[in-house]
Amino acid sequence: MKIDKRSTIPLYAQLKELLSERIADGTWQRGEQIPSELALCEELDLSRPTVRQAIAELVNEGLLIIHKGRGTFVASEPERIDLKSYSAFYFSILSARSITDFPLDSIEQVPADPELDRVFGAGSDQGVGYWQINYTLDLDGLPYAACRVHIPMIMFPELGPDLRAGKRMVDITANKYAYLPQKAQSSLIQRPSAREEAQQLDISRGTPILIHNSRLISRSGAICESVTALLRPDMLILSFEGGRS
């Protein structure tokens, strides 16, 4: 690919594609320094802001990395977090043995609304409210999962205060056997991140993310928990276990 100044495609986008191709075809190996901004400007007859924008976007996407005072390098293969025994229950609060596994960002009571009532199969005229719990998982301060959980208040009326008080999950779920998750309906999809999602995961808008959705079904047959988790695929390995009886 060459830079075409007559094209309707922005110059920075063309340069970004060109740099990506040079990395993909092995022109620049992982860990290798790429030419300086000035060298790229001279080679391709581009302005400094154009080159800088292309490099900045590739840095945000994790393909390049800037070492202050040394230059810009092709990023090494990142170390990935292995989510072992990944399943529909992985991000569930009610399935957790210990709440210490989930550094909670917020716990709030939200009123019934048509969308949540549809998820849980409840009529909006029932006035059912929900606990909304947000938590983020990170590695060395870099988020790899942003999770939002909804649980019906009618099943766990004291869940919010109990979590804030630091109660053990074994105590919170005592005598709630019929409301605990037994099976799940789940999906895992990939799509470009929206603005808010990108902010939550500290990535550029439009960067591909995985979206984990689960509806957890209690032993009584009612949906007891809904989970949505935004995941960074560049930081994760999802490990599944299975077998046949």
Side-chain angles (χ1 to χ4, degrees), residues 81 83-138 143-191 196-197 200-201 209-232 236 238-242:
I81 302 159
L83 301 189
K84 296 180 179 179
S85 302
Y86 172 78
S87 74
F89 299 86
Y90 197 93
F91 300 102
S92 162
I93 293 289
L94 295 179
S95 301
R97 294 183 179 180
S98 171
I99 202 61
T100 57
D101 297 334
F102 302 98
L104 304 183
D105 299 322
S106 65
I107 305 167
E108 59 183 314
Q109 179 181 340
V110 296
D113 66 47
E115 183 176 350
L116 281 173
D117 288 340
R118 179 182 56 79
V119 169
F120 285 91
S124 58
D125 59 339
Q126 296 181 26
V128 179
Y130 302 91
W131 292 113
Q132 179 176 290
I133 303 165
N134 296 303
Y135 68 90
T136 304
L137 302 177
D138 68 82
Y144 63 84
C147 308
R148 174 164 292 179
V149 174
H150 288 100
I151 297 172
M153 290 185 63
I154 197 169
M155 293 183 178
F156 292 87
E158 300 301 319
L159 179 63
D162 287 346
L163 289 174
R164 294 188 192 102
K167 283 192 175 182
R168 299 183 306 164
M169 285 306 296
V170 66
D171 296 325
I172 292 175
T173 57
N175 302 317
K176 297 286 187 179
Y177 184 78
Y179 295 145
L180 295 181
Q182 184 180 41
K183 57 183 181 179
Q185 301 168 342
S186 63
S187 65
L188 185 67
I189 64 172
Q190 177 177 302
R191 63 164 172 75
E196 182 180 350
E197 295 167 340
Q200 289 177 281
L201 293 175
I209 59 173
L210 294 174
I211 302 178
H212 163 114
N213 286 304
S214 287
R215 296 182 185 180
L216 305 182
I217 303 168
S218 69
R219 300 174 191 277
S220 66
I223 297 175
C224 59
E225 185 176 11
S226 172
V227 179
T228 298
L230 311 177
L231 311 176
R232 286 187 54 164
L236 297 175
L238 305 183
S239 295
F240 299 84
E241 292 185 0

Hits for side-chain hydrogen bond (donor to acceptor under 3.5 Å, both in side chains) against Ser214, two or more places apart or cross-chain, chain-then-number order -> His212

Next item on the list: Keeping the roles fixed (side chain from Glu225, backbone from Ile93), state whether a donor-acceptor pair exists under 3.5 Å.
Entry: yes

Applying side-chain hydrogen bond (donor to acceptor under 3.5 Å, both in side chains) to Ser186 and not counting sequence neighbours gives none

If you define the side chain from C-beta out and look only at heavy atoms, does anything of Phe89 sit under 4.5 Å from Leu216? yes

Residues passing the side-chain hydrogen bond (donor to acceptor under 3.5 Å, both in side chains) test with Glu108, sequence neighbours excluded, are Gln132

For Arg219, the salt bridge (Lys or Arg N to Asp or Glu O under 4.0 Å) test, sequence neighbours excluded, returns none

One should read off an interatomic distance between Ile223 CD1 and Met155 CE, to the nearest 0.5 angstrom, of 8.5 Å

request  = For atom CD of Gln190, decide whether the heavy atoms of other residues, nucleotides or ligands shown that lie under 6.0 angstrom number more than 12.
outcome  = yes

By ring-ring contact (aromatic ring centres under 6.0 Å, His included), His150 pairs with (sequence neighbours left out) none

Residues at least two apart in sequence or cross-chain that pass side-chain contact (heavy atoms from CB on, under 4.5 Å) with Pro161, listed by chain then number, are Trp131, Glu158, Arg164

Sequence neighbours excluded, the answer for side-chain contact (heavy atoms from CB on, under 4.5 Å) partners of Asn213 is Ser187, Ile211, Thr228

Rounded to the nearest 0.5 angstrom, the NZ-OG distance for Lys176 and Ser220 is 11.5 Å

### Message
Is it the case that over 12 heavy atoms from other parts of the model lie below 6.0 angstrom from the CZ atom of Arg168?
### Response
no

- prompt: Just wondering, do Leu238 and Leu188 contact through their side chains at under 4.5 Å, heavy atoms?
  reply: yes

CG of Leu163 to CD1 of Ile99, rounded to nearest 0.5 Å, is 5.0 Å

Sorted by chain and number, sequence neighbours left out, side-chain contact (heavy atoms from CB on, under 4.5 Å) with Thr100 holds for Ser98

Residues passing the salt bridge (Lys or Arg N to Asp or Glu O under 4.0 Å) test with Lys84, sequence neighbours excluded, are none

Next item on the list: Mark yes or no for whether Arg232, through its side chain, and Leu201, through its backbone, hold a donor-acceptor pair below 3.5 Å.
Entry: yes

Here the gap from Ile154 atom CD1 to Cys224 atom SG, rounded to the nearest 0.5 Å, amounts to 13.5 Å

Checklist entry - Under 4.5 Å between any side-chain heavy atoms of Leu94 and Tyr179, yes or no? => result no

Applied to residues 97-118, the ring-ring contact (aromatic ring centres under 6.0 Å, His included) test, sequence neighbours excluded, yields Phe102-Tyr135

Open item on the list: Does atom CG (Asp171) have a neighbourhood of more than 12 heavy atoms from anything else shown, all under 6.0 Å?
Closed with: yes

Contacts of Thr136 meeting side-chain hydrogen bond (donor to acceptor under 3.5 Å, both in side chains) (sequence neighbours excluded), chain-then-number -> Asp105

Sorted by chain and number, sequence neighbours left out, side-chain contact (heavy atoms from CB on, under 4.5 Å) with Thr173 holds for Met169, Leu180

Minimal heavy-atom distance between Tyr90 and Ser85, with the atoms involved, is CD1-O, 4.0 Å

Discussion item. Quick one, Val119 and Tyr130 - any side-chain contact, counting heavy atoms below 4.5 Å?
Written reply: no

